[in-house]
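A quick write-up on the structure given underneath.
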Amino acid sequence: MSAADITTPAKVPPPRPVPVPPPAGRRPRGRRTSGGAAVPWLLLAPCLLILALVMGYPLARLVTLSFQKFGQSQLWGFQPAETVGFDNFAKVLGDGEFWAVVLRTVIFAGGAVVLTMVIGMALALLLQRVSGWLKMLINIVLVASWGMPVIVATTVFKWLFDSDYGVFNALLSKLPGVDMIGHNWFASGPEGLAVIMLLVVWGAVPFVVITLSAGLTQVPKELEEAARLDGAGSWGVFRYVTLPVLKPIIVMLTTLSVIWDMGVFPQVFVMRNGHPEPEFQVLNTYSYDRAFVVNDYAQGSAIALITVLLLLGVVAVYMRQMLKIGEVE
C-alpha cells in the first residue's frame with residue numbers, strides 16, 4: 001500500500017449560497033429610501049410652526065420696535081412709526097440708571113443662583129441618608145411647593161414678612177434682645193430684594209433637589225467605597241467622586257437658574273403691588289416700566305432686546321461648557 005493510499009483526503013469547503021435577489025419593486029431593508037430624511041422634519045413641522053407663531057413673530061416685532069420711534073401717537077395711528085436706527089440703544093446704554101438696574105439684576109440673580117444650588121445640593125445629599133417613606137414624603141412636599149403658582153407663593157411671602165402681622169417678625173422677636181415688631185422689610189431696597197430673593201430660591205429649590213437626587217443615583221458606589229478605602233473623608237468623596245459625576249447636571253441647573261433669575265418679573269411686580277420703586281427695579285420690570293408706564297415702547301423694546309442678548313451670552317457659555325465635557329468623556 002502506498003503513502004498516497006493512506007493519506008487522508010483534504011476537506012473541500014461547502015459552496016457558499018448564492019444570495020437570492022429581492023423581488024421586483026421591493027427595496028432592501030438596510031438601504032434608506034430617499035424620502036426617509038424628510039420624515040423627521042414632517043413630524044417636527046407642527047412644533048416648529050407653533051414656535052414660529054408664538055415666539056418668532058413677537059421676537060421679530062421686538063427687534064423692529066427697538067429700531068423705531070414708537071410711542072402712544074404711533075400706537076393709536078396718529079403718527080407713523082419712524083425708523084431711528086440705533087438711537088434707542090444709544091439712549092439706553094448712555095443712561096446711568098440702566099446700568100444701575102443691570103448691576104442690581106446681576107447681583108440679585110447671582111445671589112439667588114448660589115443659594116439655590118447650595119441649598120439644593122445639601123437637601124439632595126441629605127435625602128440619600130433618610131428612610132424610604134420619609135424621602136417619598138419630602139419629595140411630595142417639594143413637588144407641591146414647586147407646583148404652587150407664583151402669585152400664590154408671592155402672596156404667602158407678603159404675609160410672612162408683613163410689618164404688622166408678619167409671622168417672621170413675630171418669630172424673630174422671640175429671640176433674646178431682638179425686637180422686630182413693626183419692622184418694614186420693604187422700606188429699603190436691599191432688604192426688600194433679599195426677601196424677594198428668598199421667594200425666588202424657595203420656588204427654584206425643589207426642581208434642583210429632584211434633579212440632583214436623580215443624578216446622585218448614578219454615582220457608582222464602587223468609586224465611593226474605593227475612595228473611602230484610600231482614606232478619603234466625606235468631603236473628599238464628595239469633591240473627587242460625586243462632583244465630577246454630577247458636573248453636567250450642575251452646569252445645566254446653574255445655567256437654567258441664571259436664565260430664570262435674570263428674567264424674574266412676577267415676584268418683584270406683585271410684591272410691590274404693580275409699582276416697583278426705583279431701588280426694586282430689575283431688567284424685566286425696568287423694561288415694562290419704560291414701555292407701559294412711560295409709554296416709550298421703543299426704549300422698552302430696546303431694553304428687552306439687550307436682556308435677550310445677555311441671556312444668549314449665558315446660553316453660549318453653557319453650550320461651550322457642555323462641549324468641553326463631551327470632549328473629555
Side-chain angles (χ1 to χ4, degrees), residues 106-150 152-154 156-157 194-230 232-264 266-267 311 313-329:
V106 171
I107 295 174
F108 176 88
V113 170
V114 171
L115 284 177
T116 300
M117 296 304 299
V118 171
I119 297 175
M121 179 64 75
L123 290 177
L125 291 173
L126 289 174
L127 281 179
Q128 305 301 311
R129 301 177 179 271
V130 299
S131 57
W133 69 269
L134 183 57
K135 183 177 181 180
M136 181 180 65
L137 179 62
I138 294 175
N139 283 327
I140 292 174
V141 173
L142 289 173
V143 172
S145 62
W146 185 33
M148 181 179 293
V150 177
V152 177
T154 306
V156 171
F157 266 72
V195 174
I196 299 174
M197 185 187 298
L198 290 178
L199 170 61
V200 173
V201 171
W202 181 83
V205 161
F207 175 73
V208 175
V209 173
I210 294 172
T211 307
L212 289 177
S213 297
L216 286 172
T217 60
Q218 304 302 314
V219 178
K221 301 299 180 183
E222 297 82 4
L223 293 180
E224 294 181 346
E225 292 295 333
R228 291 191 181 95
L229 290 176
D230 289 340
S234 300
W235 171 250
V237 173
F238 175 75
R239 180 180 178 182
Y240 296 107
V241 177
T242 306
L243 274 183
V245 175
L246 293 180
K247 185 177 180 181
I249 299 177
I250 293 174
V251 171
M252 179 198 69
L253 289 175
T254 303
T255 306
L256 291 177
S257 297
V258 170
I259 293 174
W260 291 337
D261 296 343
M262 286 282 290
V264 66
Q267 292 90 339
L311 295 180
V314 176
V315 173
V317 173
Y318 164 71
M319 295 300 297
R320 183 180 178 184
Q321 292 296 323
M322 294 306 296
L323 288 176
K324 286 184 178 179
I325 293 173
E327 291 176 358
V328 172
E329 294 179 353

Report summary line: In this structure, CD1 of Ile107 is separated from CE of Met197 (nearest 0.5 Å) by 9.0 Å
Report summary line: CD1 (Ile138) and CG (Leu123) are apart, to the nearest 0.5 Å, by 8.0 Å
Report task. Looking only at non-hydrogen atoms, find the nearest pair between Phe207 and Leu256 and report the distance. Result -> CE2-CD1, 4.4 Å
**Report entry** Nearest-0.5 Å distance that lies between atom OG in Ser131 and atom CE in Met136
**Finding:** 9.5 Å
**Report entry** Min side-chain heavy-atom separation Phe108-Ile196 under 4.5 Å
**Finding:** yes
Report task. Report yes if some heavy atom in the side chain of Ser213 is under 4.5 Å from a heavy atom in the side chain of Ile210; otherwise report no. Result -> no
Report summary line: What one should report as the nearest heavy-atom pair of Ser257 and Met117 is OG-SD, 4.4 Å
Query raised in the report: Any side-chain heavy atom of Thr116 sitting closer than 4.5 Å to one from Thr254?
Result: no
Query raised in the report: Of all heavy-atom pairs between Gln267 and Val264, which one has the smallest distance, and what is that distance?
Result: OE1-CG2, 3.0 Å
Query - Euclidean distance, Leu311 CG relative to Trp260 CH2, rounded to 0.5 Å - result: 13.0 Å
Query raised in the report: Can you name the closest pair of heavy atoms from Gly215 and Ile249 and give their distance?
Result: CA-CD1, 3.6 Å
Query raised in the report: Is a donor on one side and an acceptor on the other found under 3.5 Å between the side chain of Ser145 and the backbone of Leu142?
Result: yes
**Report entry** Ile250 side chain near Met121 side chain, heavy-atom distance below 4.5 Å
**Finding:** yes
Query - From Met319 atom CE to Thr255 atom OG1, the distance as rounded to the nearest 0.5 Å - result: 10.0 Å
Requested in this report: Identify the heavy atoms of Ala112 and Asp261 that sit nearest to each other, and give their distance.
Outcome: CB-OD2, 3.4 Å
Query raised in the report: Has the side chain of Thr217 got a donor or acceptor atom that lies under 3.5 Å from a matching backbone atom of Ala214?
Result: yes
Query - Rounded distance (nearest 0.5 Å) linking atom CD of Glu225 with atom NZ of Lys221 - result: 9.0 Å
Query raised in the report: Under a 4.5 Å cut-off applied to non-hydrogen side-chain atoms, are Leu125 and Leu216 in contact?
Result: yes
Report summary line: Between Val237 and Ala227, the two heavy atoms sitting closest are CG2-CB, 4.0 Å
Query raised in the report: Does Trp202 CH2 have over 12 foreign heavy atoms under 6.0 Å away?
Result: yes
Query - Heavy-atom side-chain proximity of Leu246 to Gln218 below 4.5 angstrom - result: no
